[in-house]
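No hydrogens, no waters, no symmetry mates; every other heavy atom, side chains included, goes into these values. Convention: sequence-line order gives letters A, B, ...; per-chain numbering from 1.
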Amino acid sequence: MNDSTEKYPPNFIRSIIEKDIAAGKNAGQVVTRFPPEPNGYLHIGHAKAICLSFGMAQEFGGTTNLRFDDTNPLKESTEFMESMKEDITWLGFKWNEERNASDYFEQLYQFAEQLIREDKAYVDSLSADEIREYRGTLTQPGRNSPYRARSADENLDLFRRMRAGEFADGEHVLRLKIDMASPNINMRDPTIYRIRHVHHHQTGDKWCIYPIYDYTHCISDSLEGITHSLCDLSFEDHRPLYDWVLDELNMNCHPQQIEFSRLNLQYTVMSKRKLKQLVEDKLVDGWDDPRLPTIAGLRRRGYTPGAIRDFCRRIGVTKSDNNVQLMVLEHAIREDLENTAPRVLGVVDPIKVVIENFPEGEVMALGAANHPKDESMGSREMPFTRELYIDRADFREEANRKYKRLVLGGEVRLRNAFVIKAEDVVKDSSGEIVELRCSYDPDTLGKNPEGRKVRGVIHWVSASHGVPAEIRLYEPLFTVEWPDASEKDYIELMNPASLTVKHGFVEPSLVAAGVEDRYQFEREGYFCIDRNDSKPERLVFNRVVGLRDTWAKIEQQEDS
RNA sequence: UGGGGUGUCGCCAAGUCGGUAAGGCACAAGGUUUUGAUCCUUGCAUUCGUAGGUUCGAGUCCUACCACCCCAGCCA
């Protein structure tokens with residue numbers, strides 16, 4: 001994973017780091033961190049941040065810490081911590097140290113006392129509503145709280161009693177004394193501690209006051225010796241506060257916060273709130289639903305860590321708003337699987353074919369390469385029998401010249417096997433085709449028939465030897481490209497056809513398929529064994545992504 | 001009417017000290033092909049949000065304007 005082919009193309013963050021190293025800043029070291037709040041599952045947007053923070057450190061011989069930003073016990077849990085560790089590891093990254101912001105609660109507290117003693121922080125006893133009122137608006141300056149003038153001694157006493165649990169939630173908060181008239185709202189005496197009599201998943205009941213992100217994050221970074229603290233653009237106007245705290249505390253390590261724009265990806269939503277609702281309201285099958293942009297979902301869908309990393313590299317890192325097309329992600333996984341996925345034959349929407357001139361009961365073993373270009377992937381045998389399945393879409397009673405598949409009275413090549421000819425169609429009372437009666441040309445195995453040109457090749461599976469399989473086909477979870485941009489509620493924009501379950505047949509070699517094995521079903525797409533539901537006796541495949549489909553495009557053009 | 005950002009091809013994105021617009025995705029046209037896949041070849045911004053200015057020369061410097069995004073949690 002560490003090879004140079006995975007290096008990022010030029011970007012502004014790398015330039016900054018290169019300059020810092022050239023200037024001898026931080027003794028030439030690069031230490032980054034990835035600081036998720038354990039209140040949900042990681043998604044593809046986090047993958048962008050992970051690849052960047054870990055990637056930059058890796059590239060310059062540095063290290064990256066994993067730090068759970070667990071300052072709000074109301075929303076967090078160890079379950080989410082575990083999932084995040086698993087996802088990061090699966091993505092292929094190794095953190096140097098695992099920390100929790102809560103590891104620093106005592107130090108954070110002591111720093112707060114220091115700020116109080118230096119008259120840089122005070123206990124405010126205004127209510128939340130009052131604080132909001134006093135804060136002013138975007139265009140109007142705020143006003144000082146009447147409690148702003150409390151003496152350091154009084155503040156210290158109050159703050160200690162806050163810690164001791166003498167007050168109820170919301171009775172007091174600790175605020176930084178900066179500037180209520182600042183044009184930057186974040187600098188208008190931000191709250192840094194609030195009272196919350198709740199159990200914390202790491203510190204238990206030790207604390208009833210919890211520090212706020214802005215105060216916690218910069219100090220945590222400093223304590224860990226982080227050199228470059230990468231985060232998304234929403235924290236850009238928090239940077240003055242980040243710097244203020246470290247400066248006022250005289251911290252000897254002052255990391256540089258650098259912001260980049262978050263990923264916007266087509267046909268999905270990325271906000272934790274929305275993902276959480278989809279999961280909790282059972283609109284999807286858990287955090288790892290293959291339709292979700294979560295790392296766990298992409299994994300279950302069949303995406304590889306390498307493809308996700310490649311995707312993150314392709315989209316780049318900038319400060320500009322970006323709207324990335326889904327096809328970029330799809331291209332990344334196709335490119336990976338094109339080279340690595342063994343080819344097999346699987347029929348998603350089966351229709352029975354009887355080869356009338358092939359003896360009943362006979363089984364012919366036909367060799368098939370596992371990859372058209374990579375002999376090292378070996379070959380296997382496929383049983384050819386009198387009764388087969390082909391895909392419904394590969395037969396038409398009549399069609400024009402552009403249709404290169406099986407037509408009544410016409411011929412087609414069965415992949416890795418013989419040329420067959422459709423002689424007759426059997427339909428049920430409703431007119432639905434239930435069976436095709438065909439003949440095969442025994443002299444076409446591995447060679448073209450004499451004097452005729454067979455234009456098409458279709459895939460097939462032996463009806464008697466094929467293995468039934470559940471095949472899950474996925475479409476985008478939302479019907480519009482940018483659900484977040486719509487004035488409609490995103491729930492209303494969900495795609496009712498995002499999951500289609502098919503019952504098809506796959507060639508018998510697949511009974512040996514293991515969890516998360518990925519294959520190319522030739523002419524169909526890439527499929528992955530579902531890690532939750534597939535059993536050897538009941539195979540379940542997820543379609544990762546279809547093959548590029550030029551034919552579908554041609555058909556569409558003809559329709560219009 | 002406050003502050004902070006961003007504007008280079010349909011999308012993403014390189015563009016060093018100003019020297020005459022990388023690349024990827026997508027798209028189009030050919031070629032190879034027992035996957036309408038892959039692969040190969042070719043094409044695809046006289047123009048860099050707009051308008052002025054400086055300069056022999058500007059995406060890169062200056063000025064003004066326009067558009068879009070973020071910020072008023074005791075969330076992160």
Between [Y] and [X], is there a salt bridge with N-O shorter than 4.0 Å?
X	Y	value
K274(A)	D484(A)	yes
D103(A)	R67(A)	no
E335(A)	R313(A)	no
D310(A)	R314(A)	yes

Is the distance between the ring centroids of F311(A) and Y303(A) under 6.0 Å?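 Between F311(A) and Y303(A), the centre distance exceeds or equals 6.0 Å.
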
Residue that, paired with N39(A), satisfies side-chain hydrogen bond (donor to acceptor under 3.5 Å, both in side chains) out of R273(A), K272(A), E76(A), K276(A):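 Considering R273(A), K272(A), E76(A), K276(A), a side-chain hydrogen bond (donor to acceptor under 3.5 Å, both in side chains) with N39(A) is found only for K272(A).
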
Checking side-chain polar atoms at under 3.5 Å, does S220(A) have a donor or acceptor matched by the opposite partner on R33(A)?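 Checked: S220(A)/R33(A) side chains show no N/O donor-acceptor pair below 3.5 Å.
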
So, R343(A) and H459(A): side-chain donor and acceptor under 3.5 Å apart, yes or no?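 No, no side-chain donor-acceptor contact under 3.5 Å.
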
Closest nucleotide of RNA chain B for E338(A) versus for N416(A): which of these residues is on the 5' side?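 Comparing both residues, the 5'-ward one is N416(A).
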
Check: D237(A) side chain, rG3(B) base, donor-acceptor under 3.5 Å: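 It does, because a donor-acceptor pair links the side chain of D237(A) to the base of rG3(B) below 3.5 Å.
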
Would you say the base of rU35(B) and the side-chain of Q520(A) have a donor-acceptor pair closer than 3.5 Å?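 Present.
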
Could you check whether [X] gets within reach of a base, just the sugar-phosphate, or nothing at all, counting any heavy atom under 4.0 Å?
X	answer
H238(A)	base
K447(A)	base
G456(A)	nothing

Hey, does the side chain of R239(A) come within less than 4.0 Å of rC71(B)'s phosphate (OP1/OP2), counting only N and O?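 So the side-chain polar atoms of R239(A) never come under 4.0 Å of the phosphate oxygens OP1 or OP2 of rC71(B).
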
Looking at S15(A), I'd like to know whether one of its side-chain N or O atoms comes within less than 4.0 Å of OP1 or OP2 on rU16(B).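 S15(A) to rU16(B) OP1/OP2: no side-chain N or O under 4.0 Å.
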
Whether each nucleotide of nucleotides 9-14 of chain B has a protein heavy atom under 4.0 Å at its base (B), only at its sugar-phosphate (S) or at neither (-) is summarised, 5' to 3', as -BSSSS

If you draw the axis of the six-membered ring of Y134(A), does the NZ or CZ of R143(A) fall within 45° of it and under 6.0 Å from the ring centre?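 Satisfied, under 6.0 Å and within 45°.
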
Is the cationic atom of R14(A) (NZ for Lys, CZ for Arg) positioned less than 6.0 Å from the six-membered ring centroid of Y8(A) and within 45 degrees of its normal?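 Geometry flag: not set, cation outside 6.0 Å or 45°.
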
Counting only heavy atoms and a strict 4.0 angstrom limit, can you tell me which residues of residues 121-133 of chain A come near RNA chain B?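 Residues of residues 121-133 of chain A under 4.0 Å from RNA chain B: L126(A), S127(A), A128(A), I131(A), R132(A).
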
For RNA chain B, which ranges pair as stems of 3 or more consecutive Watson-Crick or G-U pairs, with both donor-acceptor distances under 3.5 Å?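 Expected stems, ordered by start: B:2-7 with B:66-71, B:10-12 with B:23-25, B:27-31 with B:39-43, B:49-53 with B:61-65.
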
